[in-house]
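Residue numbers start from 1 in every chain, and the chains themselves are labelled A, B, ... in the order their sequence lines are given, proteins ahead of strands.
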Amino acid sequence: MIGASIAGGSGYAGGELLRLLLGHPDVEVRQITSERFAGRFAHRVHPNLRGVTRLRFCALAELSECDVLFLCLPHGESSRRIDEFRSLAGRIVDLGADFRLRDGADYERFYGRPHPRPELLESFVYGIAELNREALARADLVACAGCNATASILGLLPLYRAGVADSAVIEVKVGSSEAGNRASEGSHHPERSGAMRSYRPTGHRHAAEIRTVLGGDVHFSATAVEMVRGVLATCHVFLNRELDEKALWKIYRGAYADEPFVRIVKERSGIHRYPDPNLLAGANHCDVGFERDPLSNRVVVLSAIDNLMKGAAGQAVQALNVMHGLPESRGLEFPGLHPA
Amino acid sequence: MIGASIAGGSGYAGGELLRLLLGHPDVEVRQITSERFAGRFAHRVHPNLRGVTRLRFCALAELSECDVLFLCLPHGESSRRIDEFRSLAGRIVDLGADFRLRDGADYERFYGRPHPRPELLESFVYGIAELNREALARADLVACAGCNATASILGLLPLYRAGVADSAVIEVKVGSSEAGNRASEGSHHPERSGAMRSYRPTGHRHAAEIRTVLGGDVHFSATAVEMVRGVLATCHVFLNRELDEKALWKIYRGAYADEPFVRIVKERSGIHRYPDPNLLAGANHCDVGFERDPLSNRVVVLSAIDNLMKGAAGQAVQALNVMHGLPESRGLEFPGLHPA
Amino acid sequence: MPECPVCGAEPMISDDPVEGELLECEECGVELEILALDPVTLGEAPDAEEDWGE
């Protein structure tokens with residue numbers, strides 16, 4: 001059995017991770033920390049887990065040794081305390097942003113302060129299995145990708161790997177859970193309900209991540225819409241050559257036919273023609289679709305995930321499975337609900 | 001008093017128009033037609049008007065003369081019966097798509113059948129007052145713009161008129177009322193609720209309208225989200241020169257400072273920083289905002305409207321006011337609700 | 001194996017296919033028609049693109 005603990009388990013990602021790990025046959029959940037809720041039952045903060053576990057939160061200081069330590073801490077915490085965490089666990093999976101970028105300068109530009117441990121950036125493997133399966137299999141330190149970056153990268157990867165993409169304009173539509181479970185002026189229900197908020201029209205942190213992986217000319221915007229879970233990335237890709245629909249199918253099938261969690265969704269009829277995050281709540285799928293613009297060299301690529309699953313906790317458990325040579329779908333079989 | 005009738009009054013646009021005309025001090029509503037509901041009270045279909053009017057629907061054949069005839073008919077109907085309608089009213093305001101485009105060939109490409117009266121296309125004035133005020137003041141035949149085109153054009157017009165825009169990628173997020181009040185598989189609540197549907201990733205009819213007005217390289221996509229009324233156009237504009245924030249403010253203030261219905265919304269703090277359609281339900285405003293991307297020559301322009309108001313009935317009443325030399329805001333004073 | 005003319009996938013053909021038989025491509029959902037046998041060749045079956053309401 002893999003002994004796993006979660007540092008920073010009172011947030012939405014930590015709670016989703018707890019749900020998945022409790023249901024994973026090869027994992028035993030040791031501890032889950034929260035400074036605010038230390039001593040309280042986990043289900044007080046994660047009500048869906050009432051009766052599923054009698055675990056209580058403990059303080060970070062009480063963390064003891066385990067096989068895998070998942071970090072779901074506020075920005076800057078994991079890089080500040082990384083040595084302490086490495087002394088407690090042979091393997092670390094960080095769901096936060098500290099070790100996602102390869103270049104400290106990028107981190108400073110987007111997070112507004114210098115990276116405390118830039119020398120470690122290289123040793124963390126970026127947690128998208130579809131991108132880094134071999135490296136993940138040998139990794140001890142994993143940095144999960146941001147949710148918006150995960151959706152964008154999985155949507156665009158086949159075109160960029162095939163060398164047919166010139167530039168891309170990406171707009172992600174996201175839900176309110178992406179901002180976490182701390183209340184704020186903006187999350188006050190009478191103000192947030194029905195709102196359509198262009199909260200990041202430019203310069204989003206995830207843009208740096210996407211550029212690190214795909215390279216090239218990537219423009220990024222994010223809009224918050226009436227949704228709790230979910231990301232839909234609408235990517236306008238300008239091709240550098242003529243490609244018809246069949247050639248595009250070939251590129252996407254070639255990249256994803258054998259992937260357990262990426263489905264190609266592109267139908268000519270019916271009411272479910274393209275990826276829709278509404279169908280993926282709680283599931284680890286990334287649905288990808290595309291449509292060729294007959295009037296130009298543009299292909300619109302659509303990529304949908306649940307930001308708390310493939311965009312966070314699901315990606316972390318998938319990485320856990322790869323790191324331990326387990327079947328990649330183990331503990332991640334839930335297919336999502338319909339209708340939802 | 002202006003005697004006004006509505007041909008095709010049982011849809012959402014017709015109902016919104018009826019609400020506005022009933023509240024307009026200079027207008028007397030004569031008739032409102034519906035083949036399906038002929039003989040029934042208007043409030044049976046438009047429940048918000050119960051107690052506001054005792055008008056009943058009549059059949060199209062019973063239409064008698066009036067000063068202004070508004071057309072809210074299915075595609076193809078107004079062009080097929082235009083001579084009959086012109087014999088009934090000195091002025092016609094068409095809220096449908098038949099006379100929006102200037103070029104019959106475009107119509108055929110996007111609506112799949114030849115235009116029955118291409119020779120009339122030139123005589124209809126495109127109904128966006130901010131674009132065509134002088135022509136509207138002298139017009140007898142007006143074709144209101146499509147809702148997505150209205151939002152996109154008003155967002156981009158200042159940049160294109162200033163000659164600083166190279167190309168644009170536009171994605172509109174729209175509500176379910178845009179598809180009208182006829183139920184379908186796709187509008188069934190358990191399927192539509194919470195859905196995020198990329199129903200038109202490319203080749204949308206509105207793209208042709210936008211190109212007709214702005215010219216140049218315009219790429220268009222539309223996504224239906226969890227919303228009933230509202231359009232938010234997120235336009236990624238690639239500039240052909242270096243412009244800082246102040247220069248952009250100058251362009252937008254220069255174009256819209258004196259406009260009664262276009263507000264520039266761009267704030268550095270607070271929770272209402274950019275245009276949000278949620279605040280515009282029932283109001284005739286088009287809110288426009290922008291954000292310069294520090295990393296490239298991209299400006300993200302945001303434009304929000306209520307598709308049934310500035311995108312349809314509000315635009316028609318504003319055109320009515322301009323055509324009759326009335327104050328443009330008359331009957332259009334409702335400022336929208338907050339919270340909503 | 002015959003290819004779907006739209007997406008290039010290899011749709012499952014019944015054991016004893018008949019000319020004119022209709023089948024759906026599992027990947028792109030397009031309706032196909034068996035135009036000829038040995039070798040089995042597929043073509044898109046004519047179906048009006050139904051408007052899905054938006």
Worked verdict on V300(A) versus R200(B) for side-chain contact (heavy atoms from CB on, under 4.5 Å): CA-CA 10 Å; V300(A) 181; R200(B) 191 71 74 194; over 6 Å; no

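- The contact between A340(A) and chain B is made entirely by backbone atoms, counting heavy-atom distances below 4.5 Å.
- Counting heavy-atom pairs under 4.5 Å between each of P275(A), P190(A), A304(A) and chain B puts P190(A) at the top.
- Contact annotation for H236(B): only side-chain heavy atoms (C-beta onward) come within less than 4.5 Å of a heavy atom of chain A.
- Taking OG of S198(A) as the reference point, atom CZ of F290(B) lies at 13.5 Å (rounded to 0.5 Å).
- The part of H338(B) that comes within reach of chain A is its side chain, from C-beta onward, which places non-hydrogen atoms under 4.5 angstrom from that chain.
- A distance of 14.0 Å separates CZ in F220(A) from OG in S296(B), rounded to the nearest 0.5 Å.
- Only the side chain of T223(B) comes within contact range of chain A, with heavy atoms under 4.5 Å apart.
- Highest contact tally toward chain B, considering only R192(A), H219(A), E291(A), is held by H219(A) [criterion: heavy-atom pairs under 4.5 Å].
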Dump the intermediate steps for side-chain contact (heavy atoms from CB on, under 4.5 Å) on S221(B) and E171(A), then the final yes or no. CA-CA 11 Å; S221(B) 297; E171(A) 190 205 325; over 6 Å; no

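- Side-chain N or O atoms of R298(A) include none that pairs as donor or acceptor with a backbone N or O of V169(B) at under 3.5 Å.
- Taking 4.5 Å as the limit, some side-chain heavy atom of E191(B) sits within range of a side-chain heavy atom of H272(A).
- For R109(B), the part lying near chain A is the side chain, with the backbone staying farther off; criterion is any non-hydrogen pair under 4.5 Å.
- Note: N278(B) leads L279(B), N278(B), L302(B) in heavy-atom pairs under 4.5 Å with chain A.
- No side-chain heavy atom of E226(A) sits less than 4.5 Å from a side-chain heavy atom of M227(B).
- Chain A forms the most heavy-atom pairs under 4.5 Å with one residue out of G194(B), P339(B), G289(B), and that residue is G194(B).
- One distance of note links OG1 of T202(B) with CG of D293(A); it measures 5.0 Å at 0.5 Å rounding.
- Y199(A) places none of its side-chain heavy atoms less than 4.5 Å from the side chain of R273(B).
- A distance of 5.0 Å separates CZ in R197(A) from CD1 in I271(B), rounded to the nearest 0.5 Å.
- In R113(B), the CZ atom is crowded: over 12 heavy atoms of neighbouring residues, nucleotides or ligands sit closer than 6.0 Å.
- Looking at R292(A), the atoms closer than 4.5 Å to chain B (heavy atoms on both sides) all sit in the backbone: N, CA, C or O.
- At most 12 non-hydrogen atoms from other residues, nucleotides or ligands lie less than 6.0 angstrom from NZ of K250(A).
- When heavy atoms are compared at a cutoff of 4.5 Å, M196(B) approaches chain A by way of both its backbone and its side chain.
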